[in-house]
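Reading through the structure tokens given below for one structure.
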Amino acid sequence: MPAPHLYLVDGSSYIFRAFHRLPPLTNKHGLNVGAVYGYTTMLWKLADSLNKADGPTHLAVILDASESTHRNELFDQYKANRPPPPPELVPQFPLIRDATRAFSIPCLEEKGLEADDIIACYVMAAKAAGWQVTIVSSDKDLMQLVEDGKVDMLDTMNDRRIGVPEVFDKFGVGPDQVGEVLALMGDSVDNVPGVPGIGPKTASKLIQEYGTVEAVLAAAPEMKPSKMRDNLIAHADMARLSHQLVRLVCDAALPAPLEDLSIKGIPEAPLREFLEHHGFRSLLARLGAQAQAAAPAPARSALPEPSPEPAIDRSLYETVADEAALARWIDAIQARGLVAIDTETDGRDCVSARLVGISLATDPNKACYIPLEHGGDDMFAERPPQLDAALVLERLKPLLEDEAILKIGHNLKYDWVVFARRGITLAPYDDTLVMSFNLDAGGLNSHALDDLAKKHLDHECISFKSLCGTGQKQITFDRVPVERATEYAAEDADVALRLWHRFRPRLAFEKVTRVYELVDRPMVSVIGGMEQSGVRIDRAVLSELSAAFNTQIADLEARIHAEADGPFTIGSPQQLGEILFGRMGLSGGRKGKSGTWSTDQNELERLEREGVPIARLVLEWRQLTKLKSTYTDALQEQVNKTTGRVHTSYSLSGAQTGRLASTDPNLMNIPIRTEIGRRIRDAFIADPGFVMMAADYSQIELRLAAHMCDVPELKAAFAAGEDIHNRTAQELFGAVDRDTRARAKTINFAILYGISRWGLAQRLETTPEEAQSIIDRYFERFPGIRAYIGETLTHARESGFTTTLFGRKTHFPRLRSNVQHERQGAERAAINAPIQGTAADIIKRAMARMGPALAAEGLGEVRMLMQVHDELVFEVPENDVDRARDVVRRVMESAAEPAVKLSVPLGVEVGVGPNWGAAH
DNA sequence: TGCATCACG
DNA sequence: GACGTACGTGATGCAC
């Protein structure tokens with residue numbers, strides 16, 4: 001019986017090589033699978049050699065589990081130069097695991113260890129057991145492990161075996177000295193510094209002569225004077241650091257014992273399913289599947305109908321209430337490699353709600369509910385049988401954090417926070433809400449799970465209302481009987497999973513993978529973190545403001561009633577209109593549907609100019625009551641009792657353009673434009689020892705308009721740091737003064753919002769004819785703007801959607817409306833969406849990078865708290881202010897790169913203070 | 001629940 | 001001939 005032969009496949013490096021070597025290939029679902037195909041053929045070759053001489057008896061694929069390893073602790077710049085993987089490659093990573101699983105080959109990874117290290121550990125263990133080892137890779141770092149007659153390498157792309165002689169050819173030294181050479185020469189891709197001026201040739205020569213890095217360094221002072229000698233002396237530390245970086249870890253615990261890697265044969269069924277799914281017909285044919293392979297390839301222009309799946313059958317759902325069942329589910333999830341998940345809580349607010357139960361799904365109709373906190377009070381005679389919440393979370397934690405298991409959820413940000421509060425960091429994940437939004441923003445009224453189930457699955461979900469009721473009689477989920485809770489909760493997980501199967505191929509097919517992967521998906525955890533952080537509120541500031549407003553409001557009320565000759569409800573536009581335009585006989589216009597008088601700000605300001613004193617008083621009354629009810633009173637009630645902070649909820653799918661929306665409370669409309677309102681911002685304070693830092697993009701939408709419309713004059717003005725409205729005034733009116741600048745500013749905004757002569761006329765207080773002539777002049781001076789509007793509308797009418805620079809789509813079905821004003825409204829929105837949306841994409845990119853960038857500078861204490869469209873607010877330790885300011889500015893200013901190259905600079909203004917008001 | 005109003009970018 | 005509007009949001013109070 002010959003000794004076992006272990007093949008270790010360096011999966012991570014392989015996929016990159018396959019990607020770059022093979023032409024782009026799209027499967028029948030429209031997904032890019034070139035690299036997956038290359039990878040699959042490589043596994044195929046290995047599987048073919050299974051029972052042959054020198055073929056594998058044991059086989060495993062090794063992957064990189066995490067970005068950060070001990071090498072980053074040694075050297076924070078390690079791999080820092082590495083460009084992000086190409087966007088077409090990113091969605092293929094999970095498919096690598098699918099492919100490996102299809103071959104029934106073990107797939108190994110370990111947090112904190114690179115694939116190279118895991119391979120080294122297995123090589124050591126296998127050698128100790130007297131096994132033969134082949135490393136399937138051509139990575140030069142791994143050449144350190146080659147050993148005559150025991151360990152070799154195999155490059156399947158050219159069928160080349162690498163043994164000791166080949167290593168000598170390449171490095172001029174044996175495998176035991178490869179590490180020494182690597183340390184001196186460095187590696188620009190991994191950003192291993194090495195010694196400047198020393199490349200592979202010199203490194204090899206030096207090691208041949210002296211044997212080790214240390215010996216070379218020791219001998220350096222005696223060498224003949226040269227640049228090389230100086231560099232060796234000056235960069236001795238870097239050489240030693242590099243030596244550590246290239247050294248492989250070979251004594252870590254094995255993720256799975258050697259014997260588990262035994263492979264007797266490849267079961268056909270899962271492999272066939274995988275090959276069919278991706279339409280790898282030549283491989284299918286080799287599998288002896290002529291019938292399936294002969295089927296004509298579906299046209300690339302249409303996404304095929306989703307494969308049939310069983311209708312939803314709630315009777316198949318399981319309630320998990322004992323440890324054996326839980327263990328069974330955990331095993332099933334591990335075998336499947338993915339799980340759809342949904343948490344049930346007793347409230348809407350994920351920061352304070354109690355976790356009541358968890359539902360899981362792995363396949364259609366294969367779903368369960370794990371009740372955790374049902375019953376337990378007098379509603380039930382006794383608490384229904386259920387597992388201990390802490391125990392369940394302890395068991396689920398490794399799985400929820402397992403890099404190899406994809407977590408799928410709908411509005412996963414909620415669940416992300418629920419788990420984060422319990423020390424569990426959900427990753428990796430996909431969010432079907434975000435996917436739906438990236439696919440259909442603007443085209444769908446709702447991306448709610450039950451609406452999507454109806455639309456895509458033709459299935460009516462159990463409504464939350466039917467379980468818990470509404471209004472006064474509404475009950476919390478923990479009081480729902482477990483049987484009904486299981487049907488409801490498991491259904492949600494089942495539906496999310498089914499939606500995911502439909503959405504995932506669509507993302508690539510409809511070309512929104514980039515915005516999903518690069519912009520929106522990262523927001524789930526980033527914003528989850530912000531919501532969890534919350535922002536500290538000084539209630540005293542608010543209550544003092546409330547009290548002050550109160551007396552002023554009472555005073556105004558008395559004066560208004562005196563002016564009106566009697567009391568009435570000032571807050572009622574109906575009554576106010578009657579007083580102003582009826583009893584007091586002032587002139588004014590009717591308004592639409594309800595036939596009531598308009599009493600809005602415009603109307604009251606007009607009256608004020610005509611010398612009607614009550615108008616001014618009502619305006620002031622309105623301002624103060626607004627500030628009091630919406631802000632100073634309401635905000636105090638929103639302070640979380642446990643954390644003492646306000647935790648807003650950001651919606652990722654709230655604004656059709658890709659902007660965020662903030663609710664409960666809305667922190668995006670805290671006053672700033674008036675002095676009195678601005679004082680509310682003083683109540684947003686930093687923890688002791690911290691300060692608030694606010695960073696704003698300056699004129700980002702105008703800058704993007706200058707770039708996207710290609711307006712040389714505006715681009716030059718931004719590049720030179722000029723005041724953009726002054727520049728516009730100069731171009732339009734030939735003179736810059738207060739008046740022309742104000743008019744220019746209005747026009748600039750009119751452009752962003754989709755211009756109309758009437759709208760502009762109203763804002764400029766002039767005639768539509770005059771407004772039209774200004775618009776004409778604007779287009780004449782900046783012809784790029786007119787071209788942009790024309791092209792955007794033409795494209796939007798044809799395709800039904802607009803696109804941002806990052807590929808975000810917004811659909812505008814009303815562009816085809818028969819109602820003129822609906823159509824015109826849609827046109828204006830379509831002109832605005834690419835600009836507003838690109839700005840939203842850019843700040844989201846900044847947010848996604850901010851955490852890692854801060855951490856890399858040792859600024860892990862800095863908290864990102866709020867986003868207000870073009871502004872980010874942070875809570876920063878006092879001592880870190882200067883360094884934090886630099887990082888924040890750098891990340892925000894470079895946020896578009898490298899995915900998008902802008903022809904205008906992005907300006908960022910940063911302010912610091914004890915509270916948000918002072919940080920501006 | 002719909003409408004009017006007004007807070008923000 | 002009426003539209004009576006710049007784009008994108010959310011919260012509040014009134015009237016029904």
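In the text below, chain A, chain B and the rest are named by the order of the sequence lines, each starting its count at 1.
Protein atom NE2 of A/H811 is 18 Å distant from nucleotide atom C1' of C/dG8, rounded to whole Å. In this structure, A/E701 atom CD and B/dC8 atom C1' are separated by 13 Å, rounded to whole Å. Taking atom CG of A/L872 as the reference point, atom P of B/dG9 lies 14 Å away to the nearest angstrom. If you take OH of A/Y650 and P of B/dG9, they are 13 Å apart, rounded to a whole angstrom. Residue A/W597 contributes atom CH2, which lies 15 Å from atom P of B/dA4 at whole-angstrom precision. Rounded to an integer number of Å, the gap from A/Y631 OH to C/dA11 P is 10 Å. We find that CG of A/D870 is positioned 14 Å from C1' of C/dC7, with the value rounded to whole Å. Counting to the nearest Å, the P atom of B/dC8 and the CZ atom of A/R678 are 10 Å from each other.
In this structure, of C/dC7, C/dG4, B/dC6, it is C/dG4 that holds the atom nearest to the side chain of A/W758.
Note: A/W916 and A/H920 have tilted aromatic rings, judged against thresholds of 30 and 60 degrees for the angle between ring planes. Relative ring orientation between A/F801 and A/H795 is described as perpendicular, the plane-to-plane angle rising above 60° on a 0-90° scale split at 30° and 60°.
Within a heavy-atom distance below 4.0 Å of DNA chain B, the residues of residues 657-675 of chain A found are A/R659, A/M668, A/N669, A/I670, A/P671, A/I672, A/R673. Of all the residues in residues 817-828 of chain A, not one reaches under 4.0 Å from DNA chain B with any non-hydrogen atom. For the contact set between residues 742-755 of chain A and DNA chain C, defined by any heavy atom under 4.0 Å, the members are A/T746, A/A750, A/Y753.
Residues meeting the salt bridge (Lys or Arg N to Asp or Glu O under 4.0 Å) test with A/E620, sequence neighbours left out: A/R616. In this structure A/A717 satisfies the side-chain contact (heavy atoms from CB on, under 4.5 Å) test together with A/E722, A/I724, A/R727, sequence neighbours excluded. The side-chain contact (heavy atoms from CB on, under 4.5 Å) check on A/D739 picks up A/D737, A/R743, with sequence neighbours excluded. Under the rule for a salt bridge (Lys or Arg N to Asp or Glu O under 4.0 Å), A/D696 has no partner lying at least two apart in sequence or in another chain. Annotation: salt bridge (Lys or Arg N to Asp or Glu O under 4.0 Å) contacts of A/K626 (sequence neighbours excluded): none. Residues that satisfy the salt bridge (Lys or Arg N to Asp or Glu O under 4.0 Å) test with A/R777, not counting sequence neighbours, are absent from this structure.
Taking atom P in both B/dC6 and C/dG1, the straight-line distance is 35 Å, to the nearest Å. Nucleotides B/dT5 and C/dA6 have their P atoms positioned 13 Å apart, rounded to a whole Å. Taking the P atoms as reference points, C/dT5 lies 12 Å from B/dA4, given to the whole Å. For the P atom pair drawn from C/dC16 and C/dT12, the interatomic distance equals 22 Å after rounding to whole Å.
Residues A/S546 and A/D633 bring a donor and an acceptor atom of their side chains to less than 3.5 Å of each other. In the model, A/H869 has no side-chain atom that pairs as donor or acceptor with a side-chain atom of A/E701 under 3.5 Å. Of the N and O atoms on the side chains of A/D349 and A/Y414, not one donor lies less than 3.5 Å from an acceptor on the other residue. Between A/T599 and A/R622, the side chains place a donor N or O and an acceptor N or O closer than 3.5 Å (distance only, hydrogens not considered). With 3.5 Å as the limit, one finds a donor-acceptor pair spanning the side chains of A/T674 and A/Q623.
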- Quick one: the dot-bracket string of DNA chain C, using Watson-Crick and G-U wobble pairs with both distances under 3.5 Å, [ ] for crossing pairs and | for bases paired to another strand. ......|||||||||.
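Residues A/R845 and A/D841 are not paired through a salt bridge, judged by the lack of any N-O separation under 4.0 Å between the basic side chain and the carboxylate. One finds no salt bridge joining A/K809 and A/D440 here, because no Lys/Arg side-chain nitrogen approaches an Asp/Glu carboxylate oxygen to under 4.0 Å. In summary, A/R606 and A/E610 engage in a salt bridge, as defined by a charged side-chain N under 4.0 Å from a carboxylate O.
In this structure, A/Q762 reaches the sugar-phosphate backbone alone: every heavy-atom distance under 4.0 Å involves primed, P, OP1 or OP2 atoms, never a base. Among the protein residues, A/R763 comes within range of the nucleic acid bases, having at least one heavy atom under 4.0 Å from a base atom.
Within the structure, side chain to side chain donor-acceptor pair (under 3.5 Å) pairs that include any residue of residues 753-765 of chain A comprise A/R757-A/Q772 (at least two apart or interchain).
For B/dG9, the OP1/OP2 oxygens have no side-chain nitrogen or oxygen of A/Q836 closer than 4.0 Å.
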Please list each protein N or O that sits under 3.5 Å from an N or O in nucleotides 12-16 of chain C, with the distance.
| residue | atom | partner | partner atom | Å |
| --- | --- | --- | --- | --- |
| C/dT12 | O3' | A/S629 | OG | 3.4 |
| C/dC14 | O3' | A/S572 | OG | 3.4 |
| C/dA15 | OP1 | A/S572 | OG | 2.5 |
| C/dA15 | OP1 | A/Q575 | NE2 | 3.2 |

